[in-house]
There are 2 protein chains.
Amino acid sequence: MTTKISGARGRPRTFDVDRAIETAMGLFHARGYDAVGVAELSEALGIKPPSFYAAFGNKAGLFERVLERYATGDANVFLHARAQGGSTAEVLERTLMRAAQLYPTRNGAAGCLVIDGTRNSADPDARALASAAQRAGRDAVRDFIAIEAPDRAEEIADFVVITLFGMSAAARNGVGEAALRSFAEAAGRTLRREFGLT
Amino acid sequence: MTTKISGARGRPRTFDVDRAIETAMGLFHARGYDAVGVAELSEALGIKPPSFYAAFGNKAGLFERVLERYATGDANVFLHARAQGGSTAEVLERTLMRAAQLYPTRNGAAGCLVIDGTRNSADPDARALASAAQRAGRDAVRDFIAIEAPDRAEEIADFVVITLFGMSAAARNGVGEAALRSFAEAAGRTLRREFGLT
DNA sequence: GGAATTTTTTAGCGATGACTACAAAAATTT
DNA sequence: AAATTTTTGTAGTCATCGCTAAAAAATTCC
């Protein structure tokens, strides 16, 4: 159980860092950053706290890795919606519809980890990490909108992110996919009607 | 400083319970239930923990009093919007506009205490109290909508509360009144266009 | 095989969480 | 004034928080 591919010296790790990040992601997503302690994380990862700190530095260090993984995976609804192409309105509508599919409770986790993972957290480091990830996501949406509507990009981006905030909070409160879909569809129509997007 | 109106026996209280509830409301609203400890609450109230527990039973007991006060005051945006009369759409639009005015950060607190005060909380009692208050608010909105649109009351109530969720989360993230207003106005127009309310 | 390196485990650190036993203090009742 | 009732402050309780010192264990390099 200790065969390691890399030729690194020293005693090899007995756990998979990538799997550990996935496990931690599930816990943080389900219950929020503060509510998941290092003791519980270590237990879930099958390691002892010193191994945890040797691998990730501290709790916020693991959270940073988790957010990085989260933001580059399927959970980044805008990134994947844009990759499918189409008009500005089509991409934004698809973004909202992907959120409606993704946000409802699955394996105990609901909503968006970046949006709600550190809400009410008492840890400034964790909050800053989530804030940075959120700003990056918002900037990507705004820059994309600016291609078609540079003058109203900020305004439209606000509308999209507030819509996602509502859907994430609702999902965390147990609202189901059908209601989220209705909300997303209504918001999509508003993007065309109110902001004149095509 | 110990004159008491009531003819109750025993040593009189040296602090005002009503003022204590207001102070605690501000702290819970600004930072969330879990992030405000009993030690900090006691300090802010100018009392020692035993006086705290004698007066409120426990931390959740104080939170219950806080929520009761919050839900019967100006923070209950729907209650006050309905009291001003008007059509269904007018009352719901006014509800959203009041939220846009009320939710931005004031004295460190932002958004809605009932919606976001226990988000990610590890305390099941506190979560249940906020859930009950939230359900009561939603039921009031739904019952009001049902007078004009009984068949679509649930659907429209979902739309309204998800909109409020988004505005509360956005306000807690620092979004200002102007952006909240735009969002509320767009949602108000959706209520008329999509749901045919007058 | 011995030295060097890295991760592991054991066992705990100090700080803070919600909460409380107990007795003194301050009021009313008799 | 004495008894009763209630609140007060002192000084803790135990559990959990994030985190770590120290040494044993498991690998590679020479």
Side-chain angles (χ1 to χ4, degrees), chain A residues 1-20 24 27-28 31-66 118 120-129, chain B residues 1-20 24 27-28 31-66 118 120-129:
Chain A
M1 66 159 73
T2 54
T3 42
K4 196 102 184 291
I5 313 296
S6 102
R9 301 221 298 185
R11 179 169 175 170
R13 284 235 165 78
T14 61
F15 70 102
D16 185 327
V17 172
D18 282 343
R19 278 181 50 82
L27 289 169
F28 285 140
R31 310 217 307 278
Y33 181 80
D34 285 15
V36 184
V38 171
E40 180 179 1
L41 285 166
S42 300
E43 175 92 26
L45 271 39
I47 60 179
K48 301 291 196 301
S51 296
F52 177 96
Y53 286 94
F56 303 111
N58 55 27
K59 188 185 170 186
L62 169 60
F63 189 58
E64 187 172 12
R65 303 280 295 270
V66 165
T118 61
N120 291 327
S121 171
D123 186 321
D125 292 341
R127 296 181 71 114
L129 289 168
Chain B
M1 68 158 72
T2 55
T3 43
K4 195 100 186 289
I5 314 294
S6 103
R9 304 221 295 185
R11 179 171 176 170
R13 284 235 164 77
T14 61
F15 70 101
D16 185 327
V17 172
D18 282 342
R19 279 181 50 82
L27 289 169
F28 284 140
R31 310 217 307 277
Y33 181 80
D34 285 16
V36 184
V38 171
E40 180 179 2
L41 286 165
S42 301
E43 176 92 27
L45 272 39
I47 61 179
K48 300 291 194 301
S51 297
F52 177 97
Y53 286 95
F56 304 111
N58 55 29
K59 187 184 171 187
L62 168 60
F63 189 59
E64 186 171 13
R65 303 281 294 272
V66 165
T118 60
N120 291 329
S121 169
D123 186 323
D125 292 342
R127 294 181 72 115
L129 289 167

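Numbers restart at 1 for each chain; the letters A, B, ... are given by sequence-line order, proteins then strands. Just so you know, these numbers come straight off a predicted model, no measurement behind them.
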S.K.: Starting from C1' on C:dA18, measure out to CG on B:Asp125 and report it in whole angstrom.
M.R.: 12 Å
S.K.: Separation of A:Arg11 atom CZ from D:dT27 atom C1', in whole Å?
M.R.: 9 Å
S.K.: According to the interplanar angle, ranging from 0 to 90°, do the rings of B:Phe56 and B:Phe15 count as parallel (below 30°), tilted (30 to 60°) or perpendicular (above 60°)?
M.R.: tilted
S.K.: Return the minimal non-hydrogen interatomic distance between A:Gly32 and B:Asn120, and the atom names on each side.
M.R.: CA-OD1, 3.6 Å
S.K.: Let's see if you get this right: which residues in residues 37-65 of chain A place a heavy atom under 4.0 Å from DNA chain C?
M.R.: A:Lys48, A:Pro50, A:Ser51
S.K.: Please list, one pair per line, the donor and acceptor atoms closer than 3.5 Å that link side chains of residues 35-44 of chain A to other protein atoms, with sequence neighbours excluded.
M.R.:
from: A:Glu40; atom 1: OE1; to: A:Arg31; atom 2: NH2; distance (Å): 2.5
from: A:Glu40; atom 1: OE2; to: A:Arg31; atom 2: NH1; distance (Å): 3.0
from: A:Glu40; atom 1: OE2; to: A:Arg31; atom 2: NH2; distance (Å): 3.0
from: A:Ser42; atom 1: OG; to: A:Val38; atom 2: O; distance (Å): 2.8

S.K.: Reading DNA chain C from 5' onward, which residue's closest nucleotide shows up sooner: B:Asp34 or B:Gly10?
M.R.: B:Asp34
S.K.: Hey, does the side chain of B:Arg9 come within less than 4.0 Å of C:dA27's phosphate (OP1/OP2), counting only N and O?
M.R.: no
S.K.: Report the C-alpha distance between B:Leu62 and B:Phe52 in whole Å, list the side-chain angles of each, state the deciding distance to 0.1 Å, and finish with yes or no for side-chain contact (heavy atoms from CB on, under 4.5 Å).
M.R.: CA-CA 9 Å; B:Leu62 168 60; B:Phe52 177 97; 3.5 Å; yes
S.K.: Do side-chain atoms of B:Arg127 reach the backbone of B:Ala122 as a donor and acceptor pair under 3.5 angstrom?
M.R.: no
S.K.: B:Tyr33 ring centre to B:Lys59 NZ or CZ under 6.0 Å, with the angle to the axis within 45°?
M.R.: yes
